[in-house]
Colleague: 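Below are the structure tokens for one structure; questions will follow.
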Amino acid sequence: MKMSLFLDDRIGAPSSWPFLLALHAATTTASHFHCSAAPPLTAYIKERKTSSHHNCSHSRRKRKNTLHEERLMKLENGYEHEDDDMCKTIEVASVVVVDQFPPARGMVDGDELDREGEELFTPPLNFAIVDNGVFRSGFPDTANFAFLQTLGLRSIIYLCPEPYPEANNEFLKSNGIKLFQFGIEGYKVDRDGENAQEPFVNIPEDTIREALKVVLDVRNHPLLIHCKRGKHRTGCVVGCLRKLQKWCLSSIFDEYQRFAAAKARVSDQRFMELFDIASLKHIPISFSCSNR
């Protein structure tokens with residue numbers, strides 16, 4: 001129901017306003033009644049669309065959750081398979097490593113034996129190769145005899161003044177090794193651990209020269225040069241030999257310090273620097289690897 005009001009010049013007097021207000025109120029009431037009794041079609045359609053949209057969104061979320069759960073299950077299964085493969089690979093690698101390397105030698109029941117019951121070779125303290133047929137070390141004891149036998153020694157140069165031990169003499173006799181002893185006194189040390197006198201005077205140049213003549217004679221090879229620790233007296237003899245081999249001083253000092261370490265002495269290095277090799281130059285050094 002729709003009503004239209006038209007105002008013209010005739011309906012404009014103040015006496016006709018109450019009638020117009022009443023007519024407007026009746027029209028508004030009728031329109032309101034019509035809307036409440038029969039909702040418009042657009043409201044119904046809007047409600048259906050909202051409900052349908054809610055149902056579709058719920059279905060999409062459910063489908064997405066299902067896909068997410070399936071992906072997680074696949075990933076977990078894949079990681080499990082990868083872990084299995086990794087474990088299998090590690091097991092195979094461990095078997096290969098065990099089969100590839102031979103059993104390591106070691107101490108058995110405190111004895112110096114390998115797993116086959118063979119004796120292990122123990123070199124003396126500070127043992128090293130100086131040149132072809134020439135070796136150096138500290139004082140060898142009975143535990144080192146088996147190792148020294150493998151060198152096939154002909155001679156030993158002993159640089160200490162003390163008598164050679166009986167066990168060592170027996171070893172020399174049983175293996176046909178000749179002993180050359182050049183007694184050089186050790187350094188005198190005071191209570192504070194410092195040298196009581198200038199150690200430079202304790203290194204006799206003539207004795208070092210005689211020891212070098214034995215070293216240069218290839219008829220004495222293979223030979224071993226040793227003192228007590230294989231550091232100072234042995235280091236001086238080897239250092240003077242290096243001068244004959246035309247080593248530079250820096251290389252000679254580096255070799256000396258490698259064995260003397262914290263016990264290196266400036267006096268020893270000064271002795272090697274000032275040592276005169278003129279009287280030994282006529283002796284050929286045919287055994288040296290530096291000649292090749």
Side-chain angles (χ1 to χ4, degrees), residues 121-141 143-144 147-148 151 153 155-162 164-165 168 179-216 220-277 280 285 287-290:
F121 299 138
T122 305
L125 176 69
N126 282 330
F127 176 82
I129 299 175
V130 178
D131 210 324
N132 293 327
V134 181
F135 310 95
R136 62 178 292 172
S137 73
F139 202 103
D141 56 24
N144 310 130
F147 174 80
L148 295 181
L151 302 178
L153 295 176
S155 308
I156 287 181
I157 294 179
Y158 177 45
L159 300 175
C160 300
E162 295 80 13
Y164 218 48
N168 293 60
L179 178 65
F180 294 89
Q181 183 172 4
F182 300 93
I184 301 175
E185 293 289 341
Y187 296 114
K188 295 181 180 180
V189 180
D190 60 14
R191 294 180 181 179
D192 297 330
E194 300 293 337
N195 294 324
Q197 65 181 30
E198 174 57 44
F200 184 75
V201 300
N202 287 335
I203 306 177
E205 185 172 344
D206 292 339
T207 305
I208 296 295
R209 187 174 288 106
E210 291 300 318
L212 286 174
K213 290 179 181 179
V214 176
V215 174
L216 296 175
N220 299 321
H221 294 185
L223 66 81
L224 173 69
I225 308 169
H226 79 82
C227 52
K228 284 188 176 180
R229 299 291 179 180
K231 295 181 178 180
H232 303 106
R233 286 170 279 196
T234 300
C236 288
V237 172
V238 173
C240 294
L241 174 64
R242 298 306 189 193
K243 288 193 71 174
L244 283 171
Q245 294 176 319
K246 299 180 180 180
W247 280 31
C248 63
L249 284 177
S250 60
S251 298
I252 295 174
F253 294 160
D254 286 343
E255 183 181 36
Y256 168 82
Q257 292 169 2
R258 187 162 62 250
F259 290 92
K263 300 292 185 178
R265 294 164 178 166
V266 176
S267 57
D268 289 347
Q269 299 174 69
R270 184 184 176 190
F271 173 83
M272 291 182 281
E273 181 181 0
L274 300 178
F275 181 77
D276 185 12
I277 61 174
L280 299 172
I285 312 178
F287 63 89
S288 178
C289 61
S290 61

Colleague: Exactly one of I225, L179, N168, L224 should register a side chain to side chain contact (heavy atoms under 4.5 Å, CB included) with Y158. Which one does?
Modeller: L179
Colleague: Show your reasoning for whether side-chain contact (heavy atoms from CB on, under 4.5 Å) applies to E273 and F253.
Modeller: CA-CA 9 Å; E273 181 181 0; F253 294 160; 4.3 Å; yes
Colleague: Test side-chain contact (heavy atoms from CB on, under 4.5 Å) on H232 and C227 and set out the steps.
Modeller: CA-CA 8 Å; H232 303 106; C227 52; over 6 Å; no
Colleague: Where is the tightest heavy-atom contact between K231 and F259, given as atom of each residue plus distance?
Modeller: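 Where K231 meets F259 most closely, the heavy atoms are CG-O, 3.6 Å.
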Colleague: Please name the residue in the list T122, L148, I156 that meets the side chain to side chain contact (heavy atoms under 4.5 Å, CB included) test with P140.
Modeller: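 Option passing the side chain to side chain contact (heavy atoms under 4.5 Å, CB included) with P140: L148.
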Colleague: To the nearest 0.5 angstrom, please state how far the OG1 atom of T207 sits from the CZ atom of R233.
Modeller: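 Reported value, rounded in 0.5 Å steps: 12.0 Å.
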Colleague: At their closest point, which heavy atom of I184 faces which heavy atom of P161, and how far apart are they?
Modeller: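 I184 and P161 have their closest heavy atoms at O-CD, 3.4 Å.
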Colleague: Is there a donor-acceptor pair closer than 3.5 Å between any side-chain N or O of R136 and the backbone N or O of G230?
Modeller: yes
Colleague: Mark yes or no for whether N144, through its side chain, and P123, through its backbone, hold a donor-acceptor pair below 3.5 Å.
Modeller: yes
Colleague: How about F182 and V214: do any of their side-chain heavy atoms sit closer than 4.5 Å?
Modeller: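 Yes - at least one pair of side-chain heavy atoms lies under 4.5 Å apart.
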Colleague: Where do C240 and L212 come nearest, in terms of heavy atoms and distance?
Modeller: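 Heavy atoms of C240 and L212 come nearest at CB-CD1, 3.7 Å.
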Colleague: With side chain to side chain contact (heavy atoms under 4.5 Å, CB included) as the test, pick out the partner of C236 among L159, D268, L241.
Modeller: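 Among L159, D268, L241, the one meeting side chain to side chain contact (heavy atoms under 4.5 Å, CB included) with C236 is D268.
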Colleague: Could you work out, with ring-ring contact (aromatic ring centres under 6.0 Å, His included) as the rule, every residue matching F127, not counting sequence neighbours?
Modeller: F135, F147
Colleague: Do side-chain atoms of H221 reach the backbone of L216 as a donor and acceptor pair under 3.5 angstrom?
Modeller: no
Colleague: So, for H226 and G138, which heavy atoms are closest and what is the spacing to 0.1 Å?
Modeller: CB-O, 3.5 Å
Colleague: Examine distances only and state if a side-chain atom of E162 and a backbone atom of G183 form a donor-acceptor pair shorter than 3.5 Å.
Modeller: no
Colleague: Counting neighbours of CZ on R229 that are heavy atoms of other residues, nucleotides or ligands and sit closer than 6.0 Å, is the number greater than 12?
Modeller: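 No, the 6.0 Å shell around CZ holds no more than 12 heavy atoms from other groups.
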Colleague: What residue pairs, at least two apart or across chains, pass salt bridge (Lys or Arg N to Asp or Glu O under 4.0 Å) with a residue in residues 236-252?
Modeller: R242-E255
Colleague: Do K213 and L280 have side chains that approach each other closer than 4.5 Å (heavy atoms only, starting at C-beta)?
Modeller: yes
Colleague: Do other residues, nucleotides or ligands put more than 12 heavy atoms under 6.0 Å from the CG atom of L249?
Modeller: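 For L249, atom CG is crowded (more than 12 foreign heavy atoms under 6.0 Å).
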Colleague: Between D276 and R209, what is the shortest heavy-atom contact and its length?
Modeller: O-NH2, 3.3 Å
Colleague: I'd like to know whether L223 forms a side-chain contact (heavy atoms from CB on, under 4.5 Å) with F180, so could you lay out the CA-CA distance, the side-chain angles of the two residues, the decisive distance to 0.1 Å, and finally the verdict.
Modeller: CA-CA 10 Å; L223 66 81; F180 294 89; over 6 Å; no
